Each structure stands twice: as C-alpha cells, then as structure tokens.
Trainee: 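Could you have a look at this structure, given as structure tokens, before my questions?
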Amino acid sequence: MPRSRSVAIVTDSTAYLPTEAVERHRIIVVPLTVVLGGTAFEDGTDEAARELTNALQQRRPVTTSRPGPATFAAAYLAAADAGAEGIVSLHLSSEISGTYDAAVVAAREAPVPVRVVDSAMIAMALGFSVVAAAEAVAAGGTPDDAVAAAVKRAGSTRAYFYVDTLEHLRRGGRIGPAQALLGSALAVKPLLELREGRIEPLERVRTASRAIARLEALAVEHAGAGPVDVAVHHLDSEERATQLGERLRGRLPGLVDLHVSEVGAVIGAHTGPGLLGAVVAPR
C-alpha cells in the first residue's frame, strides 16, 4: 500500500538507516555534525567517517554538535510544503544528545502539528523504531499510530556493544554509570548496554574474543525464536562485524532483516575504533 502523504516521518542521522529504507519510506533525515580539527562535517557521510578515523589515530580534537532548532524548523517547513498535514519526529536518546530538545523547540513554531519522540535509543535501535513508524503511516495510520508503533518497537529492542577502550566515551562525557569500569579498564574489555536512554555497564570480560562471544550470546538470548530484525554496527572493524553477522544469521531461526554497517562519525567520535555493537529488535 503506498505511503500516506499526509504524515511525514523525520529522524536524525544517528539512526544510520539503510539508504533503501530512507528512500522507500521518504524519511527526512536531519544530520548532526562532527567537528574535526576545526572543520565541520555532516554525520553519515563517507567523508566524515574517513576523516574521523584519521583524526582519532592522530589524536586531533574531535567534537560533535546537535542540529539547531532552525535546522529542524526548515525540515518541518519542507515537509509541510510537500503536503504533510502532520509530522512525527523521532530522535536519539535525550540522555546522550540535545537533539530531541532542539526538535521540541522547532516543533512549537511548525506550520503543522509535530509529535517529537525521544526514542531513548541510538543507531539502528532508533532506526528500527523509525521504520516501524513509517510502516504504520504506510498502512494508513495517524501520527498517534506512528508514535505508538515506534514506542512499542523501541520498548522491545536491546542494544549491546563492546568497545576496545572507555577512553573516548569518557572524553565525550557520555560514559555515565559505566564510569565505574574505568578503574579496571586496562584489565577488562567492557560490555555496555543502552538502558533507559543511558550507556550502562553490563559485564566485564577479560579478552576481546570473549567479549565478542558474549555479545553474540546476549543477542541470541534476546532474539529468541520469533521474528526479529538485527543490526551489527562497527567502527573500523568490518571483518569482526561481518563475522558476527554471519554467526547470528546461522543462529536466529526467526531472523527477518540483518544489517551490518559502520556507524557514522558522531557515534564513532564517542566510541572510538574497535566498536562492535548488536541491536536486536523483535517484531
């Protein structure tokens, strides 16, 4: 069934949605920005990812910034001009970024009603919720239907990830309760989880190989036997991510969609090279 033109779906670049999904559902993506050595790059571009890896290797200053309210206002106006009578705007966790707050400010002045949703998620944990909202709209749903679908999907989704070091999260101030792991960071490989919108410590594992094996086990456990979508994210660890994806493909009988992708520069700036994540979204 063709997508209703009366409700537009907006998200931000940290959803890291596949291009095909963005085009199929006509999702409007508002980019965050990463600043590398004084030069700003749009999140989600190949250039930003390439320059980020170079900057981290050379220990050059790396900062990130949210879109301003004016950027969201322009996106909402463009959606309204294209015929949208309502907008659902879904964004990464407000515990991690001020993106949601900027969208709320812009929504107050938008020419059509805008529902702004704090997904409490990031990366494809956000992306799967965005797709759920878009599918609800495509089936003829209202903005309320889209919000309900997104919230339900986010509620069942889990995001687990491994990082080689907590140092990048510490520098960016995104480490939260995982700060407790820093004292023994040299002796352990940390497994983290996104819980209630915050990065929380999950387990400490002695080696990278054991951490990745545990990441796989957690993904399989949460997926169960029913229909499920999975995303494997990485930064500068394509081989490990591909291998994890193939192992999960072989172990999940209900697997519907599997996405393996490198995260963009904004998330990468806070995790550093070596990131490996598994997003598990039961249907």
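Just so you know, these numbers come straight off a predicted model, no measurement behind them.
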Trainee: If you compare all heavy atoms of I267 against all heavy atoms of T14, which two are closest, and at what distance to 0.1 Å?
Mentor: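 Minimum heavy-atom contact is CD1-O, 4.1 Å.
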Trainee: Quickly, which of V256, L252, D257 forms a side chain to side chain contact (heavy atoms under 4.5 Å, CB included) with V230? Name it, please.
Mentor: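 Running side chain to side chain contact (heavy atoms under 4.5 Å, CB included) over V256, L252, D257 with V230 returns exactly one hit, L252.
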Trainee: Which heavy atom in A75 sits nearest to a heavy atom in V30, and how many Å separate them?
Mentor: CB-CG2, 3.9 Å
Trainee: Can you name the closest pair of heavy atoms from M121 and A154 and give their distance?
Mentor: CE-O, 3.2 Å
Trainee: Take atom CZ of R210 as the centre, draw a 6.0 Å sphere, and report whether it contains more than 12 heavy atoms from other residues, nucleotides or ligands.
Mentor: no
Trainee: Can you confirm whether the side chains of D12 and T99 place a donor and an acceptor under 3.5 Å from each other?
Mentor: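 Distance-only check fails for D12 and T99.
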Trainee: Could you pull out the closest heavy-atom pair between G264 and Y16, with the gap in Å?
Mentor: N-CZ, 3.1 Å
Trainee: For S261 and H233, does a side-chain donor sit closer than 3.5 Å to a side-chain acceptor?
Mentor: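 Side-chain D/A pair, S261 to H233: present.
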Trainee: Would you say the side-chain atoms of S237 pair up with the backbone N or O of H234, donor to acceptor, closer than 3.5 Å?
Mentor: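 No; zero donor-acceptor contacts below 3.5 Å.
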Trainee: From the options V232, L244, V260, L255, select the one residue that forms a side chain to side chain contact (heavy atoms under 4.5 Å, CB included) with R249.
Mentor: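 Filter result, single survivor: L255.
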Trainee: Are S89 and Y100 close enough that a side-chain donor and a side-chain acceptor fall under 3.5 Å?
Mentor: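 On atom types as modelled, these side chains do not qualify, holding no pair under 3.5 Å.
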Trainee: Are the aromatic ring centres of F72 and H91 under 6.0 angstrom apart?
Mentor: yes
Trainee: Charged N to carboxylate O under 4.0 angstrom, D43 versus R66?
Mentor: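 Between R66 and D43 there is no salt bridge, as every charged N stays at least 4.0 Å from the carboxylate O atoms.
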Trainee: Between R50 and D236, is there a side-chain N and carboxylate O pair less than 4.0 Å apart?
Mentor: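 Salt bridge: no.
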Trainee: If I compare all heavy atoms of P201 with all of L192, which pair ends up nearest, and what's the gap?
Mentor: CA-CD2, 3.9 Å
Trainee: Are V114 and L77 co-members of a hydrophobic cluster defined by side-chain heavy atoms under 4.5 Å apart?
Mentor: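 Result: no, two separate clusters.
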Trainee: If you look at every heavy atom in E85 and P113, which pair is closest and at what distance?
Mentor: O-CD, 3.5 Å
